[in-house]
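Notes follow once the structure below has been shown.
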Amino acid sequence: MKKLINNPDNVIKEQLEGMQAAHPDLIKVNFEPYYITRAGGPSKGKVALISGGGSGHEPMHGGFVGHGMLHAACPGEIFTSPTPDQMHLAAKAAHGGAGVLNIVKNYTGDVMNFEMAAELAMADGIKVQNIVVDDDVAVKDSLYTAGRRGVGATVLIEKLCGAAAEQGMDLEKLSDLCRTLNQNARSMGMALTSCITPSNGSASFEIGDDEMEIGIGIHGEPGIERKKIATVDEIAEEMTVSILEDGAYTRTTKEWDFSKNEWVEKEVTDEPFKKGDNVIAFVNSMGGTPVSELYGVYRKMKEVTDKHGIKIVRNLIGPYITALEMQGCSITLMKVSDAHVKLWDAPVYTPGLKWGM
Amino acid sequence: MKKLINNPDNVIKEQLEGMQAAHPDLIKVNFEPYYITRAGGPSKGKVALISGGGSGHEPMHGGFVGHGMLHAACPGEIFTSPTPDQMHLAAKAAHGGAGVLNIVKNYTGDVMNFEMAAELAMADGIKVQNIVVDDDVAVKDSLYTAGRRGVGATVLIEKLCGAAAEQGMDLEKLSDLCRTLNQNARSMGMALTSCITPSNGSASFEIGDDEMEIGIGIHGEPGIERKKIATVDEIAEEMTVSILEDGAYTRTTKEWDFSKNEWVEKEVTDEPFKKGDNVIAFVNSMGGTPVSELYGVYRKMKEVTDKHGIKIVRNLIGPYITALEMQGCSITLMKVSDAHVKLWDAPVYTPGLKWGM
Amino acid sequence: MITKQQVLDWLRKSSDVLEENRQYLTKLDTAIGDADHGNNMYRGFNKVKSQLDDHADKDIGAILKAVAMTLISTVGGASGPLYGTFFLQAGTKMAGKAELDGDSLAVMFRAGVDGVKMRGKAQPGDKTMIDVLEPVAQAIENDIKEGKSVSDTLHHAVEVAEKGVADTIPLIAKKGRASYLGERSKDHQDPGATSSMMIIKALSESVG
Amino acid sequence: MITKQQVLDWLRKSSDVLEENRQYLTKLDTAIGDADHGNNMYRGFNKVKSQLDDHADKDIGAILKAVAMTLISTVGGASGPLYGTFFLQAGTKMAGKAELDGDSLAVMFRAGVDGVKMRGKAQPGDKTMIDVLEPVAQAIENDIKEGKSVSDTLHHAVEVAEKGVADTIPLIAKKGRASYLGERSKDHQDPGATSSMMIIKALSESVG
Ligand SMILES: Nc1ncnc2c1ncn2[C@@H]1O[C@H](COP(=O)(O)OP(=O)(O)O)[C@@H](O)[C@H]1O
Ligand SMILES: Nc1ncnc2c1ncn2[C@@H]1O[C@H](COP(=O)(O)OP(=O)(O)O)[C@@H](O)[C@H]1O
Ligand SMILES: [Mg+2]
Ligand SMILES: [Mg+2]
Ligand SMILES: [Mg+2]
Ligand SMILES: [Mg+2]
């Protein structure tokens with residue numbers, strides 16, 4: 001197994017130890033159970049922004065804990081949702097008195113575990129809201145599937161909501177912002193290679209030297225279609241067009257209703273992109289694709305957005321939400337207002353994302 | 001070939017087009033010949049810091065053009081030194097009236113081409129100095145080899161000298177700083193996999209599933225030794241110890257003597273690390289190794305530096321000087337003074353490295 | 001009658017069989033999921049096993065609830081909350097009991113399965129553990145109503161569970177990760193259905 | 001006598017043979033270098049070839065200097081400045097000449113080779129192109145001194161070059177990238193020595 005690891009059973013612990021050793025000024029790692037909070041402790045009077053999910057997507061989420069982004073992150077086992085008690089303890093450690101917003105990627109496990117965590121925290125008197133991110137257009141409908149996966153939009157939402165939380169936005173407004181940003185975002189991913197989870201030691205799928213997978217998620221799972229490997233222009237065009245021409249998307253969301261004191265389901269519809277939209281464009285490496293190739297993707301992606309009358313006002317290019325050492329990339333486009341752009345430009349200082357301070 | 005590219009002949013051009021499209025606020029790419037300057041033009045009255053080398057190491061060097069780092073970068077063909085005319089034109093475009101410092105990685109081609117470029121620029125009346133970076137301890141002696149390769153230290157030197165240039169340091173002092181930093185730095189690299197250059201389409205070396213190469217450079221060349229793959233602890237320890245226990249290193253350097261108006265050769269000796277040294281530690285991915293694994297490397301590396309009484313005062317962890325999609329890592333340690341640390345902390349705003357503004 | 005000792009036995013046997021089949025379950029999950037189901041089940045039930053000695057003074061309901069808490073806090077993923085809910089609901093209904101007769105067994109199983117259905121919203125045919133759990137719950141209810149012994153009921157439950165597992169193979173998944181694959185999820189056996197079958201088999205073997 | 005037409009022929013033939021052997025030279029460089037020598041030589045000489053028509057009015061010295069500038073500005077790497085220097089020094093010595101006799105050939109070659117040696121500081125035995133260039137320069141000097149014809153001299157030069165290439169195989173490299181490999185550079189043929197041999201062979205074939 002081509003990995004820089006020791007015993008597969010200790011991978012997460014040791015990598016977190018390394019992370020703690022590297023960034024004692026930024027983060028504090030709790031072991032047993034695992035959660036990562038800001039080195040400076042909770043932000044008094046501000047909503048605590050928390051996320052979490054299976055490990056293997058680094059720098060997400062632990063690398064995004066710090067000023068202007070997350071207050072805490074819960075790493076699960078590799079590709080496995082963390083558990084409610086972990087999330088609950090992270091919420092208690094990060095809570096600054098103004099409630100907690102959990103950013104939850106839409107996977108059956110993550111959603112269920114974060115719901116249970118929210119219930120535990122609320123039983124402790126902490127106000128908690130869960131907003132689910134589901135931006136992956138590779139999953140077509142929500143009626144016959146577990147719904148769209150939460151992928152690249154998560155990173156952008158953590159940055160933007162993190163800036164808003166830093167500025168003191170209250171839980172309700174922050175939840176609205178988070179929901180809006182998710183509704184404004186769509187993503188699509190592809191893989192040239194599979195990846196190897198340390199405990200299994202072999203690739204999660206076999207793929208020929210001349211093949212690729214389109215419509216993958218971030219867990220080494222096969223995508224929606226296997227094809228002959230194409231040029232970057234063809235790949236970037238297919239992905240961008242899938243995102244831009246994706247129609248209205250409707251699914252049922254579940255959020256906590258603080259007046260009724262219960263989970264309430266609502267039907268929510270995302271509108272398609274339209275000419276004149278301003279977007280943040282995010283070209284992401286799945287871990288094994290170098291940034292040089294991402295620039296090749298960006299080039300064609302921008303050609304396509306230009307042609308559609310979509311204006312890229314900000315971008316992010318690099319390995320931010322990965323699937324271990326998988327080769328491949330994803331594209332995320334998120335429609336933004338001027339106010340959102342200001343949040344994007346606001347200072348951020350985390351192990352994985354830094355600017356403005 | 002598992003790459004996100006179109007025609008191998010256009011890879012560099014298209015990736016530079018993508019880079020230009022992504023960062024018009026930061027950089028300006030010149031095509032025919034290729035060079036990258038700051039979007040804002042030359043910095044009047046400041047030394048222009050320039051580097052360059054073969055492509056395939058992104059984000060180095062083009063990704064380091066911007067405030068607080070390089071003024072220009074010259075990308076060659078993949079793994080091939082750029083040419084003197086390219087470097088010469090870049091120098092003319094970036095020159096702010098206070099001379100040019102070329103940071104040259106120690107490869108036969110780079111050194112010769114940058115020398116010819118310096119001569120061309122000086123014929124145009126531009127003061128130019130070349131400082132060669134040679135930090136790779138995998139190359140033991142300089143008498144029976146082309147000397148130590150320039151690897152990870154290049155990134156740190158570009159950051160630190162970039163900050164000093166931004167603060168107005170003159171050419172002579174900046175050259176001294178550059179030389180000192182290089183003498184203070186040592187690196188070691190290893191690979192789990194080979195890499196594929198687009199024009200060749202096949203791996204530069206074959207390597208078994210249970211093998212690794214120790215002492216590699218950044219050009220897909222085999223290293224000094226092939227071994228059975230070891231644990232990250234063994235690998236990180238071997239590399240760190242190689243760096244820390246590397247003895248005095250002597251070689252002949254060639255710099256321009258402005259009083260004699262000719263190249264002058266000097267014997268220069270680097271002293272080994274010693275207890276009590278403060279260092280910047282840089283754990284670098286060769287392109288295909290995700291940051292999670294780098295944290296595993298960092299963990300053990302820090303254990304070893306701690307044991308040797310070496311104090312890590314700053315660190316950098318990620319894919320900054322890569323060999324295409326190669327899996328593997330390198331460690332660089334650079335002894336620094338408090339003044340150097342201030343230069344490290346100074347603002348930098350480039351496509352590949354951002355903080356402080 | 002299922003004794004408390006047999007319940008503890010069941011948990012130990014479940015843990016053993018899930019450990020033996022760790023690779024196998026993960027391999028099933030590799031094809032249509034994210035390659036962790038065997039690892040998840042092993043991690044959870046291994047912890048359950050390590051705590052069996054702590055249950056000496058507890059009634060069956062309390063034991064099952066303790067198992068639930070352990071699974072919820074160690075398994076993660078989708079199967080953690082689902083199996084956690086199964087044992088939590090089953091344990092709640094069995095509160096105070098020192099042994100279980102046929103009716104209790106049926107009630108316990110139905111409560112657990114309904115819990116999983118509520119939590120995960122899956123229906124039979126969605127290619128999940130529900131394709132084993134629901135027919136087994138129904139078979140147990142029917143067999144007990146028809147007066148079958150606990151032992152016979154459980155033997156029959158194993159057959160139903162095995163059929164449930166096989167039935168998942170041709171299905172297109174509508175819940176869980178496998179649903180992302182659409183048509184490509186066909187011709188693969190559901191990992192969660194498989195682990196459910198193993199746990200039911202462990203119960204039958206513990207009772208005899 | 002080597003005519004100007006034969007010089008242009010030489011450059012065209014060199015370009016052709018380097019194009020044909022692009023993969024081969026790169027493969028040699030893959031083993032002990034960075035897998036680009038064939039691509040570098042192809043890029044440079046392809047450009048040289050595209051400019052041959054521009055040389056109609058130039059003397060041989062000017063042609064060789066133009067080739068030098070083209071190689072320097074298109075090849076890059078180590079071979080760019082080295083071959084560039086070869087042609088620059090050779091061209092400087094041949095300034096104004098419309099054809100080359102045996103003495104001129106010897107002077108030209110010596111000037112080129114000395115240029116490469118000055119630029120790259122390699123000695124025979126270092127496993128570089130010098131292991132071909134230096135013995136070839138010596139052989140040409142000797143043969144001409146001994147009164148051999150230009151044609152015979154060049155035929156002999158090809159033999160010497162081929163031997164020089166073969167001689168690089170057992171060597172441990174002391175210059176260039178291959179030197180990083182130490183002992184591991186043994187048993188591999190030097191790519192630059194090989195391209196030098198091809199260029200010398202092209203010259204011999206052009207002269208006939
Ligand atoms: N909504 C659901 N309801 C019931 N069972 C489900 C549901 N979603 C997934 N499962 C079951 O969970 C199994 C996968 O568990 P596991 O791999 O441990 O979790 P994850 O999918 O989070 O990686 C599936 O094989 C399926 O049987
Ligand atoms: N110092 C030197 N002197 C003479 N020839 C050299 C020297 N260094 C390298 N070479 C030659 O250059 C060849 C490699 O050229 P090339 O692959 O094009 O450049 P690079 O090594 O920069 O990739 C080697 O095979 C060798 O023959
Ligand atoms: Mg999972
Ligand atoms: Mg090269
Ligand atoms: Mg799974
Ligand atoms: Mg080469």
Side-chain angles (χ1 to χ4, degrees), chain B residues 8-9 33 52-54 56 74 76-86 88 107-116 120 136 138-149 194-205 215-226 252 323, chain D residues 22-23 25-27 29-44 46-47 68-85 88 116 118-123 125-129 172-185 188 192:
Chain B
D9 292 341
C74 304
E77 294 295 316
I78 290 192
F79 293 169
T80 303
S81 164
T83 60
D85 55 313
Q86 231 177 309
H88 176 44
Y107 300 96
T108 309
D110 294 68
V111 170
M112 292 190 298
N113 284 295
F114 264 109
E115 270 173 29
M116 294 167 89
L120 289 172
D136 186 351
V139 183
K140 283 297 161 217
D141 60 61
S142 65
L143 225 60
Y144 299 107
T145 66
R148 291 186 167 176
R149 295 173 285 223
S194 180
C195 61
I196 300 175
T197 60
S199 55
N200 302 331
S202 61
S204 37
F205 55 83
I216 54 144
I218 53 173
H219 298 92
E221 68 274 61
I224 49 170
E225 199 186 347
R226 176 161 299 194
T252 302
Chain D
R22 178 180 176 173
Q23 308 287 344
L25 290 171
T26 294
K27 226 178 112 187
D29 196 32
T30 303
I32 53 170
D34 59 349
D36 61 357
H37 187 61
N39 303 327
N40 294 345
M41 297 305 289
Y42 165 72
R43 193 171 52 249
N46 195 48
K47 186 84 185 205
M69 296 321 293
T70 300
L71 293 181
I72 288 170
S73 69
T74 55
V75 177
S79 47
L82 292 171
Y83 280 115
T85 301
L88 190 65
V116 175
M118 261 226 324
R119 186 58 66 212
K121 307 235 168 63
Q123 295 302 321
D126 285 355
K127 197 175 184 121
T128 69
M129 57 177 73
I172 296 178
K174 297 207 186 62
K175 282 281 181 287
R177 280 170 201 289
S179 70
Y180 305 136
L181 287 173
E183 290 276 340
R184 286 176 96 181
S185 64
H188 292 285

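Chain A is the first sequence line, chain B the second, and so forth, proteins listed ahead of strands; every chain is numbered from 1.
- Legend: residues meeting ring pair (Phe, Tyr, Trp, His ring centres under 6.0 Å) with B:His88, ordered by chain and number and at least two apart, are absent.
- In this structure, chain B has a heavy atom under 4.5 Å from the side chain of D:Arg184, while its backbone stays farther away.
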Inset, instruction - Take B:Met112 and D:Thr85 through the test side-chain contact (heavy atoms from CB on, under 4.5 Å) and record every step on the way to the result. - result: CA-CA 11 Å; B:Met112 292 190 298; D:Thr85 301; over 6 Å; no
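- Only the side chain of B:Glu77 comes within contact range of chain D, with at least one heavy atom under 4.5 Å from a heavy atom of that chain.
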Legend entry - Worked verdict on D:Asn39 versus B:Asn200 for side-chain contact (heavy atoms from CB on, under 4.5 Å): CA-CA 9 Å; D:Asn39 303 327; B:Asn200 302 331; 3.2 Å; yes
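- Both the backbone and the side chain of B:Pro222 come within less than 4.5 Å of a heavy atom in chain D.
- If you measure heavy-atom distances from D:Ala178 to chain B, you find no contacts under 4.5 Å at all.
- Residue D:Arg22 holds its CZ atom at 6.0 Å from OG of B:Ser199, rounded to the nearest 0.5 Å.
- The CZ atom of D:Arg119 sits 12.5 Å away from the OG1 atom of B:Thr108 when rounded to the nearest 0.5 Å.
- Heavy-atom minimum distance, B:Val139 versus D:Tyr180: CG2-CD2, 3.6 Å.
- Your options are B:Arg149, B:Lys140, B:Glu221, and the one with the most heavy-atom pairs under 4.5 Å with chain D is B:Arg149.
- Rounding to the nearest 0.5 Å places OG1 of D:Thr70 at 10.0 Å from CG of B:Asp85.
- Residue D:Lys121 touches chain B through its side chain alone, counting heavy-atom pairs closer than 4.5 Å.
- Only the backbone of D:Thr74 comes within contact range of chain B, with at least one heavy atom under 4.5 Å from a heavy atom of that chain.
- The closest side-chain heavy-atom distance from D:Ile72 to B:Met116 is below 4.5 Å.
- In this structure, the side chain to side chain contact (heavy atoms under 4.5 Å, CB included) partners of D:Thr128, at least two apart in sequence or on a different chain, are D:Ala122, D:Asp126, D:Ile130, D:Lys175.
- The shortest non-hydrogen separation linking D:Gly176 to B:Ala146 is O-CB, 3.7 Å.
- Note: B:Pro84 leads B:Pro82, B:Gly220, B:Gly217, B:Pro84 in heavy-atom pairs under 4.5 Å with chain D.
- Looking at D:Ala35, both its backbone and its side chain come within 4.5 Å of chain B, counting heavy atoms on both sides.
- Per-residue heavy-atom pair counts under 4.5 Å with chain B were compared for D:Pro81, D:Gly33, D:Gly77, and the maximum is reached by D:Gly77.
- Among the candidates B:Thr197, B:Val111, B:Thr80, the residue making the largest number of heavy-atom pairs closer than 4.5 Å to chain D is B:Thr80.
- Heavy-atom pairs under 4.5 Å with chain D were tallied for B:Ser202, B:Gly53, B:Gly223; the largest tally goes to B:Gly223.
- Summarising the geometry, atom NZ belonging to D:Lys174 is positioned 10.0 Å from atom CG belonging to B:Leu143; distances are rounded to the nearest 0.5 Å.
- Closest approach of B:Tyr107 to D:Arg177, counting heavy atoms only: CD2-NH1, 3.7 Å.
- The only member of D:Thr30, D:Thr26, D:Asp36 that meets side chain to side chain contact (heavy atoms under 4.5 Å, CB included) when paired with B:Ser204 is D:Thr30.
- Only the backbone of B:Glu225 comes within contact range of chain D, judged by heavy atoms closer than 4.5 Å.
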